[in-house]
Each structure stands twice: as structure tokens, then as C-alpha cells.
Peer 1: 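Before anything else, here's the structure in question.
Along the sequence shown, residues are numbered consecutively beginning with 1. Please read all numbers here as calculations on a predicted model, not as lab measurements. The figures here come from the full heavy-atom set of this structure, side chains too, leaving out hydrogens, waters and symmetry mates.
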Amino acid sequence: MTDAGPVRPKGAGDAVRALTRAGGVVGALGLGTLVYSNRVELNRFTLRQVRITVPHLPAELRVLHISDIHYVRGQHRKLRWLQQLAELQPDLVINTGDNLSDARAVPEVLEALGPLLRFPGCFVPGSNDYYAPRFKNPLMYLKGPSTLHPSAESLPTEELFGGFEAAGWANLSNAHSATRLNGLKVEFSGVDDPHLDLDEFSGWPSTDAQPEPPADLKIGVAHAPVVRVLETFADSGADAVFAGHTHGGQVCLPAFDGSGGRALVTNCDLPAKYAKGLHTRRRADGGSTGVHVSAGIGTSAKAPVRLFCPPEASLVTISPTSE
């Protein structure tokens with residue numbers, strides 16, 4: 001009598017082969033998704049058009065909102081697309097920070113933004129204007145906002161911001177300013193990066209000691225849309241607030257309602273449903289403040305993927321109400 005070995009139940013071999021095939025399909029789908037999110041969607045640059053209405057505004061203001069460029073040397077497709085945005089001829093450019101992902105990229109960033117630097121503009125810092133990105137476990141974002149690594153590499157902030165300021169863009173890092181654009185008196189108030197707890201609200205030009213004519217429009221600017229900052233801007237009378245930082249969730253679940261992907265995280269305390277686009281906050285005086293959060297143009301060099309959340313800039317038209 002010979003030992004034929006263990007007896008395998010009938011059909012067990014088919015089941016093993018089926019599971020192997022299924023595993024192969026799942027693996028192929030995962031690899032395909034990774035390739036798509038890195039090679040395709042990461043470069044599917046998009047222009048979003050948004051409208052904010054403000055009561056009694058005498059004229060429209062067209063604002064180009066750019067954020068989270070996270071530039072790495074050699075990103076020539078991104079460079080060309082940024083340069084082409086100047087064809088929109090905005091009245092104002094607002095840059096809400098995180099321009100760098102490479103310490104030696106400043107010359108290319110200034111080249112990419114060169115055509116836009118010819119327009120009136122303002123900017124605030126993000127953490128990746130101060131410190132180079134480090135790899136983080138993506139699952140940690142589900143537990144809460146990221147924190148600064150104690151040995152993070154410093155970036156050439158002064159060189160970058162010096163280029164912006166030399167072109168005439170206003171640095172709104174814990175500062176305020178006023179100017180006239182398209183016949184409107186526009187006041188700005190900005191803060192340094194709330195994600196690093198560097199924000200200090202400085203008020204508005206019209207609240208300074210010197211008497212000023214009233215502003216037609218008040219705009220708040222921050223990198224991270226932390227709720228306390230949004231509430232401070234709104235309750236102080238901001239008509240509109242611009243922020244970035246969230247990357248729109250960056251890796252999102254699919255949505256089939258035309259809104260794009262559904263964000264899971266914002267990397268701050270802002271609810272995920274507000275991770276990108278426009279939402280409204282009620283003010284203490286009974287009015288409303290339009291808050292525009294950009295999904296951003298790039299990603300950290302340590303996490304170069306986007307899924308159901310293409311890179312974007314936004315042309316935001318601030319206009320009078322139709323009433």
C-alpha cells in the first residue's frame with residue numbers, strides 16, 4: 001500500500017487558483033491606481049472657476065488663487081502651465097503658500113511665476129516655504145493633522161519671498177495692507193501659517209489709528225484653513241477668505257455628483273466636506289463670508305500622488321449680488 005499524501009477536498013485546487021487570480025487582479029488594480037495617480041492625475045492641471053457675491057460691491061474683482069505648488073526642480077510641465085495662467089489677466093493674484101518641495105527650486109519657482117508677478121498680488125507663508133517635506137506614513141493623516149519634525153531641513157525662505165516682494169507682491173504674514181484695484185478700495189489681512197501656530201491676526205488697515213475711508217472689499221488670507229482663523233477673519237468683517245493647505249484631500253474617494261472626489265482628511269480641523277472649493281461662514285454682524293479653499297497645484301515631493309483630486313488653480317470672481 002502506498003502513501004498518496006494528504007487528501008485534498010474536491011474543488012480545493014480550483015478555489016486556490018481562483019483566490020490566486022483574484023489576488024493578482026487586486027494587485028494589478030492597486031498598481032494601476034498608483035501609476036495613474038502619479039503619472040496622470042498629478043499632471044492633470046485644472047482651472048476652477050468660482051464666484052463669490054458681496055452686497056453693495058461697486059465693481060467685480062477677478063482673483064487668481066494659487067496654492068501649494070510644492071515645486072521640485074525639473075517640473076517643466078507645471079512651470080509652463082503656471083506661466084500660461086497669466087493669459088487670464090486677473091486683477092489680483094493671491095498665493096496661499098507651500099511653494100517649495102526642493103531647497104534648490106527657488107529660481108524655477110520665480111521663473112514659473114514670472115508672468116504672474118507682473119500683476120498685483122499678495123502672499124502668505126506655508127510650512128513648506130520654511131521647511132522641506134519629510135516622508136510621513138499616509139495613514140497617520142487619518143489620526144489628525146501632521147506635526148513639524150524636529151530635524152526638518154530649512155528652506156531658502158528669504159530668497160523666495162524676496163523675489164515676490166521685489167516684484168511688488170505684498171507679504172501678508174501677520175500683516176495687513178490696502179490698495180486700489182479695478183476702482184475698488186481693497187483691504188487685506190493675512191496671517192503666518194496657522195499649521196505651525198505662527199498666526200497672529202493684525203486687524204485691518206481701517207482699524208488702525210489713522211482715519212481711513214471705508215473699504216469696498218475686505219479679504220483675509222491664510223495658508224491653513226484652521227477654524228479659529230476663519231472665524232477671526234469672518235467676525236472681523238472679511239467679505240472673502242482665501243486658504244490652501246488641504247490639497248483637497250489629495251487622495252479622495254470617487255464622487256459621482258460632479259463635485260470631484262470626496263476628501264477623507266484636511267490635515268487641520270476644517271471638516272472634510274470643506275476640503276476644497278467655496279463655502280460660507282456666518283459673521284457676528286449677521287453677514288456672510290465666502291471662504292475659498294484651493295485643492296492646490298502640487299504635492300509634497302515625498303507623496304507625489306493625487307487621486308480623484310487633480311491639481312488646480314482657481315479664478316475667483318468677486319461680484320456684486322444680483323439684487
Peer 1: Could you tell me whether the side chain of Gln75 and the main chain of Val72 form a donor-acceptor pair under 3.5 Å?
Peer 2: yes
Peer 1: Is it true that a side-chain atom of Thr157 and a backbone atom of Asp129 form a donor plus acceptor pair closer than 3.5 Å?
Peer 2: yes
Peer 1: Would you say Trp169's side chain and Phe119's backbone share a donor-acceptor pair under 3.5 angstrom?
Peer 2: yes
Peer 1: Just by distance, do the side chain of Arg180 and the backbone of Gly183 share a donor-acceptor pair under 3.5 Å?
Peer 2: yes
Peer 1: Same cluster or not: are Val50 and Val293 linked, directly or through other Ile, Leu, Val, Met, Phe, Trp or Tyr residues, by side-chain heavy atoms under 4.5 angstrom apart?
Peer 2: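 Unlinked, Val50 and Val293 end up in two clusters.
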Peer 1: Distance-only, no hydrogens or angles: does the Glu312 side chain make a donor-acceptor pair with backbone N or O of Ala295 under 3.5 Å?
Peer 2: yes
Peer 1: Under a 3.5 Å distance rule, please check whether Thr46 uses its side chain to pair with a backbone N or O of Arg44 as donor and acceptor.
Peer 2: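 Yes: the side chain of Thr46 pairs with the backbone of Arg44.
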Peer 1: Does Leu184 offer a backbone N or O that forms a donor-acceptor pair with the side chain of Asn182 under 3.5 Å?
Peer 2: no
Peer 1: My understanding is that only one of Asp98, Asn99, Ile297 makes a side chain to side chain contact (heavy atoms under 4.5 Å, CB included) with Asp68; could you say which?
Peer 2: Asp98
Peer 1: Looking only at non-hydrogen atoms, find the nearest pair between Phe242 and Ile219 and report the distance.
Peer 2: CD1-CG2, 3.7 Å
Peer 1: Does Asp91 reach the main-chain N or O of Leu181 with its side chain, forming a donor-acceptor pair under 3.5 Å?
Peer 2: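 No; judged by distance alone, with no hydrogens or angles, the pair does not exist.
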Peer 1: Please confirm whether the backbone N or O of Cys309 pairs with a side-chain atom of Glu41, one donor and one acceptor, at under 3.5 Å?
Peer 2: yes
Peer 1: Looking at Pro320 and Glu60, what are the two nearest heavy atoms and their distance?
Peer 2: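 That would be CD-CG, 4.1 Å.
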Peer 1: Step by step, would you call Asp235 with Arg281 a salt bridge (charged side-chain N to carboxylate O under 4.0 Å, His left out)?
Peer 2: CA-CA 9 Å; Asp235 288 343; Arg281 304 191 74 87; over 6 Å; no
